[in-house]
Number of protein chains: 2
Amino acid sequence: MTKNCNFIEKLRGAGLRPTKQRINMCEVLFNREKTFHFTINDLVKMISEKMNQKISLATVYNTVHAFEKKGYLKEISIDSHKSYFDTNTSSHHHFFDEDTNELIDCDESDIDKINIRKNITGKKINSVEVLVRVASDNQNQK
Amino acid sequence: MTKNCNFIEKLRGAGLRPTKQRINMCEVLFNREKTFHFTINDLVKMISEKMNQKISLATVYNTVHAFEKKGYLKEISIDSHKSYFDTNTSSHHHFFDEDTNELIDCDESDIDKINIRKNITGKKINSVEVLVRVASDNQNQK
DNA sequence: CAACAGTTTAGAATTATTATAATGTAGATT
DNA sequence: AATCTACATTATAATAATTCTAAACTGTTG
Ligand SMILES: [Mn+2]
Ligand SMILES: [Mn+2]
Ligand SMILES: [Zn+2]
Ligand SMILES: [Zn+2]
């Protein structure tokens, strides 16, 4: 897909200076075949593993939030203690595996289009997201 | 509905001792016509306003989590910085008004039943929740 | 290359939540 | 009713997550 990526252009296009930290983060986040879900902690680990450069935690937060604002990342909140970011920024739904804490993308065919009958005066719909929580099917009661 | 409520029985039924703090929290949370959504902060304010007793913040957290575990409250997470609790513990969907930060319940007729085609081997579905984010419809672009 | 605005950084500060351990209390036992 | 004990409450400390600060650094423009 995005091979030998020109992340410099991507960053410039968003009005973000292509610093080496941001380019490195782009490599880690976007230079791959498939989109994925991560926590800030995951990302800090991935960056320190994949790069030999040190990076400040504040920069990771800053950059993730900048990317989120520019629409390069989406936040998926599971509960107050579990929040993920998604490099798949298209509108899509999720399964959440409560055993493994894993977020799984749905594709179009997995869930029928949501039909919303209610409308709130003066308000437009910005997004419609379904979260399906799943867990092991062992018939151990509770 | 729950008039002159016997919260003592409700608490005992859950294996929770009916202390005066818990009974007071029950009054604030459940002794009302309609269910509602609140944050921990909202709740602390409501309790200190409605009671003349002081209550420890730790007790509020402990009790909210105990009630959540017993199924008397449900958590609704909007993003990593906004999390609500819901005294409506039935399975239902939500609108979230991004202008006012207000959560609004959907009822059965507002959203068609969600049809899930995907199934994850060995996993059962625990819940299916839709969050519809809405915001002011002023045609101010962005 | 000079100048400047934007960026990074380490560390401090802030906030939200949980842990601690001393004190209090509900409910059982006598 | 007095005593006992496990559970609950409390103030406060500790921890964790995130944001702020202000000094140093760097990409861009001219
Ligand atoms: Mn955010
Ligand atoms: Mn919780
Ligand atoms: Zn996703
Ligand atoms: Zn609700």
Side-chain angles (χ1 to χ4, degrees), chain A residues 6-29 38-48 50-70 72-73 75-85 101, chain B residues 6-29 38-48 50-70 72-73 75-85 101:
Chain A
N6 198 339
F7 292 127
I8 293 178
E9 289 318 312
K10 180 176 180 132
L11 290 166
R12 283 224 184 82
L16 299 171
R17 282 189 187 169
T19 63
K20 70 174 180 304
Q21 290 85 350
R22 284 170 176 169
I23 294 167
N24 282 330
M25 279 187 61
C26 281
E27 296 286 344
V28 170
L29 291 173
F38 63 92
T39 65
I40 295 278
N41 262 343
D42 295 338
L43 183 57
V44 169
K45 275 176 208 144
M46 295 173 71
I47 294 171
S48 47
K50 205 146 186 169
M51 300 166 26
N52 288 349
Q53 291 285 152
K54 193 164 288 183
I55 191 171
S56 161
L57 184 57
T59 302
V60 177
Y61 274 102
N62 288 341
T63 306
V64 164
H65 287 141
F67 286 2
E68 188 186 9
K69 188 176 304 178
K70 294 303 177 179
Y72 296 162
L73 292 174
E75 189 178 15
I76 311 289
S77 184
I78 301 300
D79 67 36
S80 56
H81 308 291
K82 298 193 203 76
S83 183
Y84 294 80
F85 288 90
N101 276 2
Chain B
N6 199 338
F7 292 126
I8 292 178
E9 290 317 312
K10 181 175 180 134
L11 290 166
R12 283 226 183 81
L16 299 171
R17 282 190 186 167
T19 63
K20 71 174 179 304
Q21 290 83 351
R22 284 170 176 169
I23 293 168
N24 281 328
M25 279 187 61
C26 281
E27 296 285 345
V28 170
L29 291 173
F38 63 91
T39 64
I40 294 279
N41 262 343
D42 296 337
L43 183 57
V44 169
K45 275 176 210 146
M46 295 173 72
I47 294 171
S48 45
K50 205 146 186 170
M51 300 167 26
N52 288 351
Q53 291 284 155
K54 194 164 286 184
I55 192 173
S56 161
L57 183 57
T59 301
V60 177
Y61 274 101
N62 287 342
T63 306
V64 164
H65 288 140
F67 286 3
E68 187 187 9
K69 188 178 303 178
K70 294 302 177 181
Y72 296 162
L73 292 173
E75 190 179 13
I76 311 289
S77 184
I78 301 300
D79 68 34
S80 57
H81 308 292
K82 297 191 203 77
S83 183
Y84 295 79
F85 289 90
N101 276 2

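Just the heavy atoms: all of them, side chains too, but no hydrogens, waters or symmetry mates, feed the values below.
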Against the side chain of A/Arg22, the closest entry in C/dT9, C/dT7, D/dT18 is C/dT7
In whole angstrom, give the distance that lies between atom CG of B/Asn24 and atom P of C/dT25. 14 Å
Could you work out which one of C/dA16, C/dA10, D/dA8 sits closest to the side chain of B/Leu16? D/dA8
A/Asn6 CG to A/Cys26 SG distance, which is reported to the nearest 0.5 Å: 10.5 Å
To the nearest angstrom, how far is A/Lys69 atom NZ from D/dT19 atom C1'? 13 Å
Between atom CD1 in B/Ile23 and atom P in C/dT25, what is the gap in whole Å? 14 Å
Residue closer to the 5' end of DNA chain C, B/Lys20 versus B/Ser83 (nearest nucleotide): B/Ser83
Reckon B/His65 has a side-chain N or O less than 4.0 Å from the OP1 or OP2 of C/dT18? yes
Output the distance between atom OG1 (B/Thr59) and atom NZ (B/Lys54), rounded to the nearest 0.5 Å. 13.0 Å
How long is the line joining CG of A/Asn62 and C1' of C/dA10, in whole Å? 13 Å
Picking from C/dA16, D/dT28, C/dT9, which would you name as closest to the side chain of A/Ala58? C/dT9
Among D/dA11, C/dT8, D/dC7, which nucleotide sits nearest the side chain of B/Lys54? D/dA11
Distance-only side-chain donor-acceptor flag, A/Thr63 / A/Gln21, under 3.5 Å: no
Assign each of B/Gln21 and A/Leu57 to its nearest nucleotide of DNA chain D by heavy atoms, then name whichever residue's nucleotide is nearer the 5' end. B/Gln21
Going by salt bridge (Lys or Arg N to Asp or Glu O under 4.0 Å), name the residues that satisfy it together with B/Arg12, two or more places apart in sequence or in a different chain. B/Glu9
Does C/dT18 have OP1 or OP2 sitting under 4.0 Å from an N or O in the side chain of A/His81? yes
With the side chain defined as heavy atoms from C-beta on, B/Tyr61 is closest, among C/dA16, C/dT8, D/dG27, to C/dA16
What nucleic acid atoms does B/Thr59 come within less than 4.0 Å of, heavy atoms only: base, sugar-phosphate, or nothing? base
Tell me the interatomic distance from B/Lys70, atom NZ, to D/dA8, atom P, rounded to whole angstroms. 10 Å
Among D/dA11, C/dT8, D/dT18, find the nucleotide with the atom closest to the side chain of A/Thr19. C/dT8
Nearest 0.5 Å, please: how far is OG in B/Ser48 from CD1 in B/Ile55? 9.5 Å
Roughly how many Å is it from CD1 in B/Ile40 to C1' in C/dT18, rounded to a whole number? 12 Å
Calculate, to the nearest 0.5 Å, the distance between atoms OG1 and CG belonging to A/Thr19 and A/Leu11 respectively. 7.5 Å
A/Ile8 CD1 - C/dT7 P separation (whole Å): 15 Å
Within-4.5 Å side-chain heavy-atom neighbours: A/Lys10 and A/Tyr72: yes
Please set out all donor-acceptor pairs under 3.5 angstrom arising from side-chain atoms of residues 39-46 of chain B, sequence neighbours excluded.
from, atom 1, to, atom 2, distance (Å)
B/Thr39, OG1, B/Asn41, N, 3.4
B/Thr39, OG1, B/Asp42, N, 3.0
B/Thr39, OG1, B/Asp42, OD1, 3.2
B/Thr39, OG1, B/Asp42, OD2, 3.1
B/Asp42, OD2, B/Thr39, N, 2.8

When you measure from the side-chain N and O atoms of A/Arg12 to the phosphate of D/dT28, is any distance below 4.0 Å, counting only OP1 and OP2? yes
Which one, C/dA5, C/dA26, D/dT18, comes nearest to the side chain of A/Arg17? C/dA5
Using five pairs at either end of the helix from C/dC1-D/dG30 to C/dT30-D/dA1, determine the angle between the two local helix axes and round it to 10 degrees. 30°
Just how far, in rounded Å, is P of C/dG6 from CG of A/Leu11? 16 Å
